[in-house]
Amino acid sequence: MRRFLIGLWLLPLVALADGNQIVIYDSYGNAGAFTIEGRVIEAEKLSRANASDTWWRNLWRNFRLMKNSEREDVALTLKVGGFEARATSDEEGYFRVQAAPAPPLTAGWHEVTAQGKRAQGQGRLLIVPRTDTLGIISDIDDTVLVSDVVDKKKLLENTFLKNPQQRQAVPGVADFYQRLLARNADPGAAPMFYVSASPHQLAGNIEAFLTQNNFPRGVLVTKQIGGDGHDPLIDQKQYKIAKIEAIFAALP
């Protein structure tokens with residue numbers, strides 16, 4: 001069985017409760033349909049990262065982010081607005097709920113809550129209005145975050161030996177994105193997507209980096225590396241094309 005951990009940087013999107021936690025991945029949709037996905041895993045507390053952490057402390061924290069136990073056959077109830085649905089985690093702990101047609105939700109961000117036996121969690125759902133016609137789909141590495149992807153040694157050092165407070169943003173990009181999205185009729189509901197080939201386990205690190213460097217609030221798309229619906233492990237081009245096509249399909 002595959003094992004991994006979602007770390008403390010996902011808080012408050014993740015709530016700990018009696019040994020289990022429910023992780024809800026960023027979700028999006030429109031007035032007609034949306035999908036909510038997540039995973040039930042073993043809860044484990046990690047120390048909070050800070051700018052003074054040593055490389056070995058970061059390595060240990062990131063190692064633990066990549067390793068934990070899934071929780072199979074956990075029944076849970078998802079709620080967002082007036083919508084409520086039930087799901088059960090599969091053998092890898094994953095669950096998926098589709099709402100089509102969707103209940104009437106206003107444009108913008110909505111809190112998603114999940115409740116299961118000895119576990120609960122919170123996440124977020126973006127409903128994009130038809131009036132917002134300018135969106136951004138952005139890569140992460142060396143687009144918003146300095147990663148040195150052409151140098152594999154530096155890439156690994158940046159990814160695993162540093163924490164979000166120690167990473168460097170690509171200069172000017174956050175402001176550029178903010179100004180572009182401000183052209184929409186409803187900038188608070190603007191379709192901003194960050195598509196990353198990083199595994200779900202590192203989503204918390206990326207979210208923390210984006211927030212502290214003033215990037216626009218957006219949907220972070222990361223890779224599922226386990227379970228029946230897993231994404232391509234090596235073919236990053238195929239993976240990203242599929243995610244971008246899904247965004248186009250949901251928001252024509």
Side-chain angles (χ1 to χ4, degrees), residues 1-11 13-29 33-46 63-80 83-103 110-126 195-207 219-236 238-243 245-247 249-250:
M1 301 288 282
R2 297 176 181 86
R3 299 163 63 85
F4 75 86
L5 171 72
I6 298 293
L8 188 63
W9 275 110
L10 274 179
L11 294 173
L13 299 184
V14 171
L16 308 183
D18 295 336
N20 290 345
Q21 64 187 47
I22 302 173
V23 181
I24 302 175
Y25 305 132
D26 281 356
S27 306
Y28 64 93
F34 61 79
T35 300
I36 299 173
E37 297 179 295
R39 198 180 194 194
V40 184
I41 60 174
E42 178 185 33
E44 186 175 353
K45 294 183 178 180
L46 292 177
F63 170 76
R64 292 179 65 188
L65 284 174
M66 300 295 294
K67 186 177 184 295
N68 208 322
S69 297
E70 66 278 354
R71 292 294 188 247
E72 181 181 1
D73 291 329
V74 175
L76 51 95
T77 300
L78 290 164
K79 295 181 180 180
V80 55
F83 174 76
E84 180 174 321
R86 289 174 174 79
T88 301
S89 59
D90 65 17
E91 63 180 8
E92 295 290 339
Y94 290 104
F95 61 87
R96 177 185 175 93
V97 168
Q98 291 181 293
H110 296 264
E111 181 184 62
V112 182
T113 62
Q115 182 69 53
K117 186 178 180 180
R118 300 193 309 275
Q120 59 185 10
Q122 295 83 41
R124 55 187 192 171
L125 165 69
L126 173 63
V195 178
S196 171
S198 297
H200 287 325
Q201 297 94 313
L202 297 180
N205 281 352
I206 300 172
E207 290 277 13
V219 176
L220 174 61
V221 180
T222 51
K223 179 179 287 189
Q224 178 178 325
I225 59 175
D228 294 337
H230 67 87
D231 296 307
L233 185 61
I234 298 176
D235 192 338
Q236 311 295 28
Q238 177 187 347
Y239 160 77
K240 291 185 178 181
I241 288 175
K243 297 302 182 184
E245 289 179 341
I247 294 171

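By convention here, the first residue in the shown sequence is residue 1.
Between the CD atom of Gln238 and the NZ atom of Lys243 there is a distance of 11.0 Å, given to the nearest 0.5 Å. Distance check: Arg71 CZ to Ile22 CD1 gives 12.0 Å after rounding to the nearest 0.5 Å. Taking CD of Gln21 as the start and CD of Gln120 as the end, the distance is 11.0 Å to the nearest 0.5 Å. Atom OH of Tyr25 and atom CD1 of Ile36 lie 14.0 Å apart (nearest 0.5 Å).
Residue Leu125 comes nearest to Gly29 through the heavy atom pair CD1-N, 4.4 Å, listed as atom of the first residue, atom of the second, then distance. Summarising the geometry of Val112 relative to Arg124, their closest heavy-atom pair is CG2-C, 4.1 Å, with the distance given to 0.1 Å. Residues Ser89 and Val40 come closest through the heavy atom pair CB-CG2, 4.1 Å. Taking both residues in full, the closest heavy atoms of Tyr239 and Thr222 are given as OH-C, 3.1 Å, listed atom of the first, atom of the second, then distance. Across every non-hydrogen atom of Ile24 and Ala114, the tightest pair is CD1-CB, 3.8 Å. A pairwise comparison of heavy atoms in Glu37 and Arg96 identifies OE2-NH1, 2.7 Å as the closest pair.
Counting only distance, with no hydrogens or angles, the side chain of Asn20 and the backbone of Arg118 share no donor-acceptor pair below 3.5 Å.
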Please walk me through it: do Gln236 and Lys223 pass side-chain hydrogen bond (donor to acceptor under 3.5 Å, both in side chains)?
-> CA-CA 10 Å; Gln236 311 295 28; Lys223 179 179 287 189; 2.6 Å; yes

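Between Val80 and Leu78 the shortest side-chain heavy-atom distance does not fall below 4.5 Å. Between Val74 and Phe95, the closest side-chain pair of non-hydrogen atoms is not below 4.5 Å. Proximity of Thr88 to Asp73: side-chain heavy atoms (C-beta onward) are separated by under 4.5 Å at one or more points. Side chains of His200 and Tyr94 form a contact here, defined as non-hydrogen atoms less than 4.5 Å apart. Between Val23 and Ile41 there is a side-chain heavy-atom pair separated by less than 4.5 Å.
Under the side chain to side chain contact (heavy atoms under 4.5 Å, CB included) criterion, Ala85 pairs with Phe83, Val97, not counting sequence neighbours. Partners of Glu111 by side chain to side chain contact (heavy atoms under 4.5 Å, CB included), not counting sequence neighbours, listed by chain and number: Thr113, Gln122. The side chain to side chain donor-acceptor pair (under 3.5 Å) search around Ser198 returns Ser196, not counting sequence neighbours.
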